S.K.: 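Okay, here's the structure, questions in a sec.
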Amino acid sequence: MPELPEVETVARGLRHAIVGRRIISVSLGKTDFIDDPAALEQHLPGRRIEAVERYGKFMLLRLSAVNGETRIAVNGDASSSLLVHLGMTGQIVPSRAGQPREKHTHVCMLLDDGRELRYTDARRFGRIAYLTKALLAAELTKFGADPLEVSKEQFADRICGRRARIKSLLLDQRVLRGVGNIYADESLWKAKIHPARLGAMLSRKQANKLRLALQGILQKAIVLRGSSISDFLDAEGQPGEYQRHHRVYGREGKGCYRCKTPIRRAIVAGRSSYFCPRCQHSPRGFAVLSLPGKKGRKTKRRRAPTGSGRAPHDEKSQGRKGKSP
DNA sequence: CGTTGAACCTGTTTGC
DNA sequence: TGCAAACAGGTTCAAC
């Protein structure tokens, strides 16, 4: 659910709600989506949340040194951060500590005002990592430009002259940080560019048109607190409103808002992609080979249901992502 | 360089 | 009604 506008919305709500609070203790549920679970338990207690920022689809909780000792600055470890990615179904919400926990609640941080900052994520596609200043800096290097701030030249440089499809480039976090499937399709529709066009096929003028479309859409979506398609709720439990303004996403078969032609869906860059076949000219060679309806079809991903049955409450404790020592 | 498909995991919707 | 497939806002990795 969370792309840039949704993450921005959550970050703003969180900023208002928890900046200045100190973390008293941490309790964990399933931890296979956490880089180093033990690090959370070891380093979070005692730290104060100094700021909440967004970086692409990540949220960054900036943490103080332990026990309020400011001016430690000696080893650079004094300032560290909690990196949070919501994946597809992640939610992070402050609740009163006494309230019953939602299902799939995997991280609870008790705060010094009696509330608990809770992270819930049914699919656990999210990610949480405790990072020192140096490790965070290294991590952030992997991502591309902020789509809201990228200049005309930067954008064109990153798109034109690439042989990948434009949809793939928009979704590539190394190119732009924060764009996901909904806003990629919406901006391509607005700029009248087919998702399967190659970056190299766009003129710099077209690239700029796409950049402006993307920025306008993201800004409006932020104002409307994001898109709530099924269950997205911000840090205050409010749904967004931008889904009412979607022009193509999820509108297969319905008339294009510009020309009434039925919106089509195809798989581009491995994702469902919605577009108007009339407004968004398909590139030559874009056969209808990527028709939906038969994507992961022949896959019998059913591993003996009883096979190596694992205990009902098996708690994996190893992070699945490689560490970076 | 690029693309595709599978994998990670769970829940909901859709179709026969 | 019931069951199984399809699908979901994301990311990563192997294979080609």
Side-chain angles (χ1 to χ4, degrees), chain A residues 1-10 29-35 56-58 83-91 102-106 120-129 139 142-144 161-186 195-201 217-218 221 225-234 239-240 242-243 246 248-250 252 265-274 285-287 289-303 305 310 314 316 318-322:
Chain A
M1 63 166 117
E3 298 181 35
L4 188 154
E6 291 74 35
V7 179
E8 178 64 28
T9 299
V10 173
K30 291 187 178 179
T31 59
D32 55 348
F33 64 98
I34 299 174
D35 281 29
K57 296 174 188 170
F58 286 93
L83 187 70
V84 179
H85 193 295
L86 301 173
M88 297 270 267
T89 52
Q91 291 188 22
E102 295 291 310
K103 196 175 180 186
H104 304 301
T105 295
H106 302 304
T120 64
D121 187 350
R123 294 175 73 178
R124 307 204 300 287
F125 279 4
R127 178 185 172 196
I128 291 182
E139 183 69 32
K142 302 173 183 173
F143 302 92
R162 287 279 240 120
R163 280 194 266 175
R165 335 203 96 120
I166 185 61
K167 170 85 180 242
S168 178
L169 293 169
L170 287 175
L171 294 178
D172 188 337
Q173 303 299 297
R174 294 167 302 183
V175 174
L176 290 174
R177 64 177 116 108
V179 180
N181 207 32
I182 293 178
Y183 299 103
D185 281 6
E186 291 295 318
R197 294 199 85 89
L198 305 188
M201 296 171 59
I217 285 166
L218 292 175
R225 309 171 67 79
S227 302
S228 289
I229 286 192
S230 63
D231 58 5
F232 167 72
L233 296 177
D234 64 25
Y242 194 72
Q243 66 281 3
H246 290 176
V248 278
Y249 186 81
E252 182 177 22
R265 180 169 74 100
I267 302 300
V268 178
R271 312 292 300 277
S272 268
S273 300
Y274 300 86
F286 179 72
L289 41 72
S290 47
L291 274 183
K294 44 97 182 160
K295 193 168 53 169
R297 129 150 333 340
K298 190 102 175 107
T299 321
K300 25 56 214 147
R301 40 142 59 218
R302 233 14 1 141
R303 277 181 313 186
R310 64 161 60 119
D314 179 18
K316 290 175 278 183
Q318 294 300 316
R320 89 166 87 90
K321 337 244 176 188

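Values below: every heavy atom of this structure, side chains too, minus hydrogens, waters and symmetry copies. Quick note on labels: first sequence line is chain A, next is B, and so on, each numbered from 1. Just so it is clear, the structure is predicted and the values come from calculations on it, not from any experiment.
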S.K.: Are A:Lys57 and A:Leu4 close enough that some pair of their side-chain heavy atoms sits under 4.5 Å apart?
M.R.: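 The answer is no, as the side chains (C-beta and beyond) never meet within the 4.5 Å cut-off.
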S.K.: Can you name the residues that form a side-chain hydrogen bond (donor to acceptor under 3.5 Å, both in side chains) with A:His85, not counting sequence neighbours?
M.R.: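 So A:His85 forms no side-chain hydrogen bond (donor to acceptor under 3.5 Å, both in side chains) with any residue.
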S.K.: Less than 4.0 angstrom between a side-chain N/O of A:Thr89 and OP1 or OP2 of B:dC9, yes or no?
M.R.: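 Looking at the OP1 and OP2 atoms of B:dC9, neither is under 4.0 Å from any side-chain N or O of A:Thr89.
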S.K.: Does B:dT10 have its OP1 or OP2 closer than 4.0 Å to a side-chain nitrogen or oxygen of A:Lys30?
M.R.: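 Indeed, a polar side-chain atom of A:Lys30 lies that close.
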S.K.: Can you identify which nucleotide, out of C:dG9, C:dG10, B:dT10, has its nearest atom closest to the A:Ser227 side chain?
M.R.: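 Among C:dG9, C:dG10, B:dT10, the one nearest the side chain of A:Ser227 is C:dG9.
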S.K.: Report the distance from atom CD1 of A:Ile128 to atom C1' of C:dG10, rounded to the nearest whole Å.
M.R.: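 For the pair A:Ile128 CD1 and C:dG10 C1', the rounded distance is 15 Å.
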S.K.: Quick one: ring-ring contact (aromatic ring centres under 6.0 Å, His included) partners of A:Tyr242, sequence neighbours excluded?
M.R.: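 Partners of A:Tyr242 under the ring-ring contact (aromatic ring centres under 6.0 Å, His included) test: A:Tyr183, A:His245, A:His246.
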S.K.: Before accepting this row, confirm whether a basic side-chain N of the pair A:Glu8/A:Arg225 lies closer than 4.0 Å to the acidic partner's carboxylate O.
M.R.: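 Looking at A:Glu8 and A:Arg225, the cut-off is not met.
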S.K.: Between B:dG11 and C:dT1, how far apart are the P atoms? Round to whole Å, please.
M.R.: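 Those two atoms are separated by 23 Å.
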S.K.: Tell me whether the side-chain N/O atoms of A:Lys103 come closer than 4.0 Å to OP1 or OP2 in B:dG11.
M.R.: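 Yes, within the criterion.
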S.K.: Any side-chain N or O of A:His104 less than 4.0 Å from the OP1 or OP2 oxygen of B:dT10?
M.R.: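 It does not, given that no N or O in the side chain of A:His104 lies less than 4.0 Å from OP1 or OP2 of B:dT10.
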S.K.: Taking only side-chain N and O atoms of A:Tyr183, does any of them lie within less than 4.0 angstrom of OP1 or OP2 on C:dG9?
M.R.: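 Indeed not, no polar side-chain atom of A:Tyr183 lies that close.
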S.K.: Do the side-chain N or O atoms of A:Gln173 get closer than 4.0 angstrom to the phosphate oxygens (OP1, OP2) of C:dT11?
M.R.: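 For C:dT11, OP1 or OP2 has a side-chain N or O of A:Gln173 closer than 4.0 Å.
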S.K.: Using a cut-off of under 3.5 Å, enumerate the N/O to N/O pairs linking the protein to nucleotides 1-3 of chain B.
M.R.:
unit_1: B:dG2; atom_1: OP1; unit_2: A:Arg162; atom_2: NH1; d: 3.4
unit_1: B:dG2; atom_1: OP1; unit_2: A:Arg163; atom_2: N; d: 3.0
unit_1: B:dG2; atom_1: OP2; unit_2: A:Arg162; atom_2: NH1; d: 2.6
unit_1: B:dT3; atom_1: OP1; unit_2: A:Arg165; atom_2: N; d: 3.1

S.K.: Out of B:dC9, C:dT11, C:dA8, which has the shortest distance to the side chain of A:Lys57?
M.R.: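 Among B:dC9, C:dT11, C:dA8, the one nearest the side chain of A:Lys57 is C:dT11.
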S.K.: Figure out the NE2/P separation between A:His106 and B:dT10, and round it to whole Å.
M.R.: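 Rounded to the whole Å, the gap is 8 Å.
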S.K.: With sequence neighbours left out, what residues match A:His104 under side chain to side chain contact (heavy atoms under 4.5 Å, CB included)?
M.R.: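 Checked A:His104 against side chain to side chain contact (heavy atoms under 4.5 Å, CB included); matches are A:His106, A:Ala122.
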S.K.: Would A:Phe125 count as stacked on B:dC8 if the rule is ring centres under 5.5 Å and plane angle under 30°?
M.R.: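 Stacking between A:Phe125 and B:dC8: present.
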S.K.: Closest approach to the side chain of A:Met88, judged atom by atom: which nucleotide of C:dA8, B:dG11, C:dT11 is it?
M.R.: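 Looking only at side-chain atoms, A:Met88 lies closest to C:dA8.
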S.K.: A:Tyr274 OH to C:dG9 P: how many Å, rounded?
M.R.: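 Computing the A:Tyr274:OH to C:dG9:P distance gives 7 Å.
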S.K.: Using side-chain hydrogen bond (donor to acceptor under 3.5 Å, both in side chains) as the criterion, list what pairs up with A:Gln243, not counting sequence neighbours.
M.R.: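 A:Gln243 satisfies side-chain hydrogen bond (donor to acceptor under 3.5 Å, both in side chains) with no other residue.
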S.K.: Measure from the side-chain heavy atoms of A:Arg124 and tell me the nearest of C:dT11, C:dG9, B:dC9.
M.R.: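 The listed nucleotide nearest to A:Arg124's side chain is B:dC9.
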S.K.: Using side-chain hydrogen bond (donor to acceptor under 3.5 Å, both in side chains) as the criterion, list what pairs up with A:Arg174, not counting sequence neighbours.
M.R.: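 Checked A:Arg174 against side-chain hydrogen bond (donor to acceptor under 3.5 Å, both in side chains); matches are A:Asp172.
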S.K.: I'd like to check A:Leu170 versus A:Leu176 (side-chain heavy atoms, cut-off strictly below 4.5 Å). Are they in contact?
M.R.: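 Of all side-chain heavy-atom pairs linking A:Leu176 with A:Leu170, at least one is under 4.5 Å.
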S.K.: Quote, to the nearest angstrom, the P distance that separates B:dG5 from C:dC7.
M.R.: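 Between the two P atoms, the distance is 13 Å.
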S.K.: Taking only the side-chain heavy atoms of A:Arg265 (C-beta and beyond), determine which of C:dA8, B:dG11, B:dC9 contains the nearest atom.
M.R.: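 Closest nucleotide among those given: C:dA8.
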S.K.: Does A:Thr120 have any side chain to side chain contact (heavy atoms under 4.5 Å, CB included) partners at least two apart in sequence or in another chain, and if so, which?
M.R.: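 With neighbours one apart ignored, the set is A:Gln91, A:Glu102, A:Thr105.
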S.K.: Within the structure provided, determine whether A:Phe58 and A:Leu86 are in side-chain contact (heavy-atom separation under 4.5 Å).
M.R.: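 When only atoms from C-beta onward are counted, A:Leu86 and A:Phe58 do not touch, as no gap falls below 4.5 Å.
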S.K.: Do the side chains of A:Val10 and A:Pro2 get nearer than 4.5 Å, heavy atoms only?
M.R.: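 No - every pair of side-chain heavy atoms lies 4.5 Å or more apart.
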S.K.: For A:Asp121, check side chain to side chain contact (heavy atoms under 4.5 Å, CB included) against everything at least two apart and list the hits.
M.R.: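 Checked A:Asp121 against side chain to side chain contact (heavy atoms under 4.5 Å, CB included); matches are A:Thr89, A:Tyr119, A:Arg123.
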S.K.: Within this structure, what is the CZ-to-C1' distance between A:Arg123 and B:dC9, rounded to whole angstrom?
M.R.: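 It is 7 Å, rounded to the nearest whole Å.
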S.K.: Less than 4.5 Å apart, any side-chain heavy atom of A:Glu6 and any of A:Ser227?
M.R.: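 SC-SC contact between A:Glu6 and A:Ser227 confirmed.
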S.K.: Atom CD of A:Glu252 to atom P of C:dA8: distance rounded to whole Å?
M.R.: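 Taking atom P of C:dA8 as the reference, CD of A:Glu252 is at 10 Å.
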S.K.: So A:Ile182 and A:Glu3, do their side chains get closer than 4.5 Å, heavy atoms only?
M.R.: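 The answer is yes, as the side chains (C-beta and beyond) meet within the 4.5 Å cut-off.
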S.K.: Which part of the nucleic acid, if any, lies within contact of A:Ser228, taking any heavy atom under 4.0 Å across all strands shown: a base, the sugar-phosphate backbone alone, or nothing?
M.R.: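 Base contact.
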S.K.: What pairs with A:Lys167 under side-chain hydrogen bond (donor to acceptor under 3.5 Å, both in side chains), at least two apart in sequence or on another chain?
M.R.: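 Per chain and number, A:Lys167 pairs via side-chain hydrogen bond (donor to acceptor under 3.5 Å, both in side chains) with A:Asn181, A:Asp185, A:Ser273.
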S.K.: Are there any protein N/O atoms within less than 3.5 Å of an N/O atom in nucleotides 13-16 of chain C, and if so, which ones and at what distance?
M.R.:
none

S.K.: Roughly how many Å is it from CG in A:Leu4 to C1' in C:dG9, rounded to a whole number?
M.R.: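 About 13 Å, once rounded to whole Å.
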S.K.: Let's see if you get this right: which residues in residues 174-181 of chain A place a heavy atom under 4.0 Å from DNA chain C?
M.R.: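 Of all residues in residues 174-181 of chain A, the ones placing a heavy atom under 4.0 Å from DNA chain C are A:Gly180, A:Asn181.
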S.K.: Separation of A:Phe58 atom CZ from C:dT11 atom P, in whole Å?
M.R.: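 These atoms are roughly 7 Å apart.
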S.K.: As a test of your reading of the structure, name each stem of DNA chain C as range with range, where a stem is three or more consecutive Watson-Crick or G-U pairs at under 3.5 Å.
M.R.: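 Correct response: B:2-8 with C:10-16, B:10-16 with C:2-8.
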S.K.: Which whole-number value in Å describes the distance from A:Arg271 CZ to B:dA6 P?
M.R.: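 Result: 16 Å.
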S.K.: What's the separation between atom CE in A:Met201 and atom CZ in A:Arg165, rounded to the nearest 0.5 Å?
M.R.: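 With rounding to 0.5 Å, CE (A:Met201) is 9.5 Å from CZ (A:Arg165).
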